[in-house]
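These notes are about the structure you will find just below.
We count residues from 1, following the sequence as given.
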Amino acid sequence: MKKKLGTLMVLSVACMGLFSACTSNADAVPNPAPTANTAGKVTTAPMATTSPDATMDVMPMPTASAEPATVGAANTVDDAKRISQRVEDEVDKLSEVDDAEAVVIGNIALVGVSYDGQYQGGMTDRLKKMITERVEMTDKTITAVHVTDDSALYKSIAELNDMMDDVNASFETLQTRALDIAAKLTGNGIAQPQTGTGANQQSAT
């Protein structure tokens with residue numbers, strides 16, 4: 001009887017040990033749920049905070065296209081040089097013209113031309129109209145175009161063009177010379193508004 005009780009007690013102790021071991025192992029096994037939850041938060045949280053509205057807020061606003069600048073009259077030496085060169089280049093493109101000299105001062109354009117060797121027509125009304133239209137298309141503020149094929153006036157226009165490269169040349173001096181040449185081309189005095197004063201300046205005839 002004592003042997004049986006002893007055996008039962010040993011078995012009971014052994015069973016309790018096994019049960020404790022199983023319980024301990026079960027507690028030691030990591031719970032997969034927190035890991036899954038953590039992974040879920042990592043992968044989904046950033047996406048959840050980005051909304052279409054937030055994306056639209058940071059997009060740059062479209063820039064309105066700038067209106068083209070209005071071409072102004074040649075009222076400074078730099079403007080006169082720039083516009084004169086553009087006019088000269090355009091007139092040079094005509095097949096009848098071998099070389100062109102142009103000066104634009106204020107709203108007046110002076111154009112002297114020499115002819116291509118193949119052209120024998122001279123300064124016809126048709127050619128003068130072609131040159132005038134081309135000059136006026138180059139700068140919309142030009143209101144008077146004076147064209148000549150006279151060699152002496154051609155030289156005077158070329159010399160005036162060279163004067164614009166002189167850093168000491170004033171716009172008033174250039175304007176006076178331009179009006180003098182224009183007067184010779186037309187046979188009349190030509191008035192043009194004086195820059196910055198609104199007064200008319202009459203050239204000598």
Side-chain angles (χ1 to χ4, degrees), residues 66-205:
E67 291 292 331
T70 303
V71 178
N75 289 329
T76 67
V77 175
D78 287 340
D79 286 342
K81 288 172 61 177
R82 175 177 54 81
I83 298 174
S84 297
Q85 187 60 56
R86 287 177 54 199
V87 167
E88 193 172 293
D89 291 343
E90 287 300 318
V91 176
D92 267 335
K93 293 177 183 178
L94 292 171
S95 59
E96 296 87 348
V97 175
D98 176 58
D99 191 27
E101 289 287 342
V103 171
V104 180
I105 300 291
N107 301 97
I108 296 175
L110 307 175
V111 182
V113 297
S114 61
Y115 300 120
D116 182 84
Q118 302 298 319
Y119 178 70
Q120 303 296 326
M123 183 55 69
T124 63
D125 289 341
R126 170 183 167 274
L127 180 58
K128 184 176 290 188
K129 182 179 180 182
M130 289 171 58
I131 294 173
T132 299
E133 289 177 348
R134 184 158 291 212
V135 172
E136 291 175 344
M137 287 177 62
T138 302
D139 193 296
K140 300 298 184 183
T141 63
I142 296 174
T143 57
V145 181
H146 304 290
V147 184
T148 183
D149 59 356
D150 181 84
S151 58
L153 291 174
Y154 175 94
K155 182 179 178 182
S156 295
I157 295 171
E159 289 173 349
L160 180 56
N161 198 317
D162 290 339
M163 281 181 62
M164 291 191 291
D165 292 327
D166 185 353
V167 295
N168 296 317
S170 67
F171 180 80
E172 289 73 19
T173 300
L174 297 173
Q175 185 181 53
T176 300
R177 290 287 298 273
L179 293 173
D180 286 343
I181 295 172
K184 292 175 182 178
L185 281 167
T186 62
N188 299 307
I190 298 177
Q192 177 167 295
Q194 189 172 3
T195 305
T197 64
N200 287 341
Q201 178 174 331
Q202 186 77 23
S203 67
T205 57

Shortest non-hydrogen separation from [X] to [Y] and the atoms involved:
X	Y	value
A178	I105	CB-CG1, 3.8 Å
N75	G106	OD1-CA, 3.7 Å
A182	L110	CB-CD2, 3.8 Å
T141	N107	O-ND2, 2.5 Å

Query raised in the report: Counting heavy atoms not belonging to D165, are there more than 12 under 6.0 Å from its CG?
Result: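 Yes, because the 6.0 Å sphere around CG of D165 holds more than 12 heavy atoms from other groups.
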Query raised in the report: So, D78 versus T76: side-chain donor-acceptor pair below 3.5 Å or not?
Result: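 T76 and D78 do not have a side-chain donor-acceptor pair below 3.5 Å.
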Query raised in the report: Looking at side-chain heavy atoms only, is the closest gap between E88 and N161 below 4.5 Å?
Result: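 Yes, close enough: below the 4.5 Å cut-off.
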Query raised in the report: With a 4.5 Å heavy-atom cut-off, do D139 and V87 have their side chains touching?
Result: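 Answer no - side chains too far apart.
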Pairs under 3.5 angstrom only: tabulate donor-acceptor contacts from the side chains of residues 92-103 to other protein residues two or more places apart or in another chain.
residue: D92; atom: OD1; partner: A100; partner atom: N; Å: 3.0
residue: K93; atom: NZ; partner: E90; partner atom: OE2; Å: 2.9
residue: D99; atom: OD2; partner: Y154; partner atom: OH; Å: 2.8

To the closest 0.5 Å, what do you measure between [atom1] ([X]) and [atom2] ([Y])?
X	Y	atom1	atom2	result
K128	I131	NZ	CD1	9.0 Å
R86	D89	CZ	CG	9.5 Å
I157	I181	CD1	CD1	6.0 Å
Q85	M164	CD	CE	8.5 Å

Query raised in the report: Sub-3.5 Å donor-acceptor pair from the side chain of S84 to the main-chain atoms of A80, do we have one?
Result: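 It does hold such a pair.
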Would you list the atom pairs, donor with acceptor, under 3.5 Å between side chains in residues 117-124 and any protein atom, with sequence neighbours excluded?
residue: Y119; atom: OH; partner: G122; partner atom: O; Å: 2.7
residue: Q120; atom: NE2; partner: G117; partner atom: O; Å: 3.1
residue: T124; atom: OG1; partner: L127; partner atom: N; Å: 3.1

Query raised in the report: Do you know which of L153, V111, V113 makes side-chain contact (heavy atoms from CB on, under 4.5 Å) with T148?
Result: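 Of L153, V111, V113, side-chain contact (heavy atoms from CB on, under 4.5 Å) with T148 is met by L153 alone.
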Query - Salt bridge present between D79 and R82 (N-O < 4.0 angstrom) - result: yes
Report task. Please name all residues satisfying side chain to side chain contact (heavy atoms under 4.5 Å, CB included) with E136, sequence neighbours left out, ordered by chain then number. Result ->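 Once residues adjacent in sequence are excluded, the partners of E136 under the side chain to side chain contact (heavy atoms under 4.5 Å, CB included) criterion are T132, V145.
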